[in-house]
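The first residue of the sequence shown is numbered 1, and numbering continues consecutively from there. As the structure lists them, so they are numbered: ligands from 1, and atoms in each ligand from 1. FYI, side chains are in, hydrogens and waters are out, and symmetry mates aren't considered; it's all heavy atoms of this structure.
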Amino acid sequence: MLSAERACNKAKRRAALNATEKILSMACESELIQRYFLTKPQRADVVVGIGDDGAVVRPPPQQDLVASVDTLNEGVHFSSRTDPAAIGHKALAVNLSDLAAMGAEPAWATLALTLPAPDEAWLEGFSQGLLRLADQFKVNLVGGDLTRGPLSITLQVIGLVPHGMAICRKGARAGELIFVTGTVGDAGLGLAATQNARELAPRNLDYCLFRLDKPAPRIAAGLALRGIAGAAIDISDGLSTDLGRILDASGVGASIELAGIPLSAAARAVFDNEVDWNLVLNAGDDYELLFTVPAAGVDTLKRQLVWLDCPVSHIGYIEQRAGLRYTKQGVTHALEVSTGYDHFAAS
Ligand code: ADP
Ligand code: MG
């Protein structure tokens, strides 16, 4: 046999082998998808869900689509010790929180999952955490991708908002009041505890870790803000950073009153008499909504949020003068806006 012919046969055998491996891995891949991610579509607007080359969804008339995508990487957004159910929950929760900040009602999601190995115990926990939250908010997982590589989760959500009603960062105007839902700093305390930077009593630790691992997206509050809020953002990178983003986008400044910033009972117990404002203002991961409302809308806002049982606190005012200032015990200081976590910052 000529050496060229031998090489050709070898290449053919390799190709046949690769094809078999591919089929085997494809069978395995589709089995995993079926086992862990195939749910019956509950939404009538899902025309074609998981199983085809693409999902087909049918948005109602007069609605804008709001899309948001986030990636969670092992070692950056969670550690190898994080409970897979918490990872599944958080992957969806952080995206839903973005929709909440836009005033959108979540509808559909897609998931690109990269796994080092087909670890079924991990997939079981992860998919349960994700699908339970999806169920809670009537979101249908309509497609995705499954590949092998370092653990990484990319989740996209698409939501609906009546035409022209999405709430943006650029809508804040001087004179508007600044509000925040819930409490801030809890997730930051939880993170500090996991990094051994703080010691928390067991009860406070449980609460702060719950806030860090299982954020509850403020969807209902976001919907209530339609037509009321001038601008909104969710607190993912820290109150000062995220407020700074509203100010930048809107071309305004702001003053906040530290005494107005809502702290949980756990955070107050941890801080005792000495609140760590640096942590409260700069820690991320709280996924509360931060938004502005013109004075004329405040009564409606309060009525709506009381009805939803959503706590809301007035923390300051939007001002014409650029920059962010804070008042502590009647004295006003300039607040350096932290830039938040930068994945590409020079190390
Ligand atoms: P294709 O090769 O045509 O992209 P795949 O074999 O990757 O199709 O996926 C088959 C079906 O399963 C598609 O409908 C896809 O959207 C869905 N799917 C794949 N991975 C996931 C996942 N992790 N979660 C949900 N659906 C998935
Ligand atoms: Mg694919």
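Which of T110, L111, I153 comes nearest to atom 22 (C) of ligand 1 through a heavy atom is settled by distance: it is L111.
Taking each heavy atom of L155 and A109 in turn, the nearest pair found is CD2-CB, 4.4 Å. Smallest separation of non-hydrogen atoms from T183 and R211: O-NH2, 2.8 Å.
Within 6.0 Å of the NE2 atom in H333, the count of heavy atoms belonging to other residues, nucleotides or ligands exceeds 12. The local environment of CZ in R203 is sparse, with at most 12 non-hydrogen atoms from other residues, nucleotides or ligands closer than 6.0 Å.
Within the 4.0 Å heavy-atom cutoff, G51 counts among the residues contacting ligand 1.
We find that K302 and D299 are not joined by a salt bridge, their nearest charged nitrogen and carboxylate oxygen being 4.0 Å or further apart.
Distances between N or O atoms of G144 and those of ligand 1 include at least one value under 3.5 Å. The N/O atoms of I50, backbone and side chain alike, include none that comes under 3.5 Å of an N/O atom in ligand 1.
Atom numbering of ligand 1 starts at 1 in the shown order; those under 4.0 Å from a heavy atom of D53 are 3 (O). Remark: ligand 1 atoms within the under-4.0 Å shell around heavy atoms of G143 are 16 (O), 25 (C), 26 (N), 27 (C). In the vicinity of E29, heavy-atom distances shorter than 4.0 Å reach the ligand 1 atoms 6 (O), 7 (O). Which parts of ligand 1 touch L146 is read off a 4.0 Å heavy-atom cut-off, strictly below it: atoms 20 (N). Listed by number with element, the atoms of ligand 1 under 4.0 angstrom from any heavy atom of D52 are 13 (C), 14 (O).
The main-chain N or O of G185 is found under 3.5 Å from a side-chain atom of D286 such that the two form a donor-acceptor pair.
Relative orientation of the F126 and F37 rings is perpendicular, given thresholds of 30° and 60° on the angle between their planes.
In L38, neither the side chain nor the backbone holds a heavy atom less than 4.0 Å from any atom of ligand 1.
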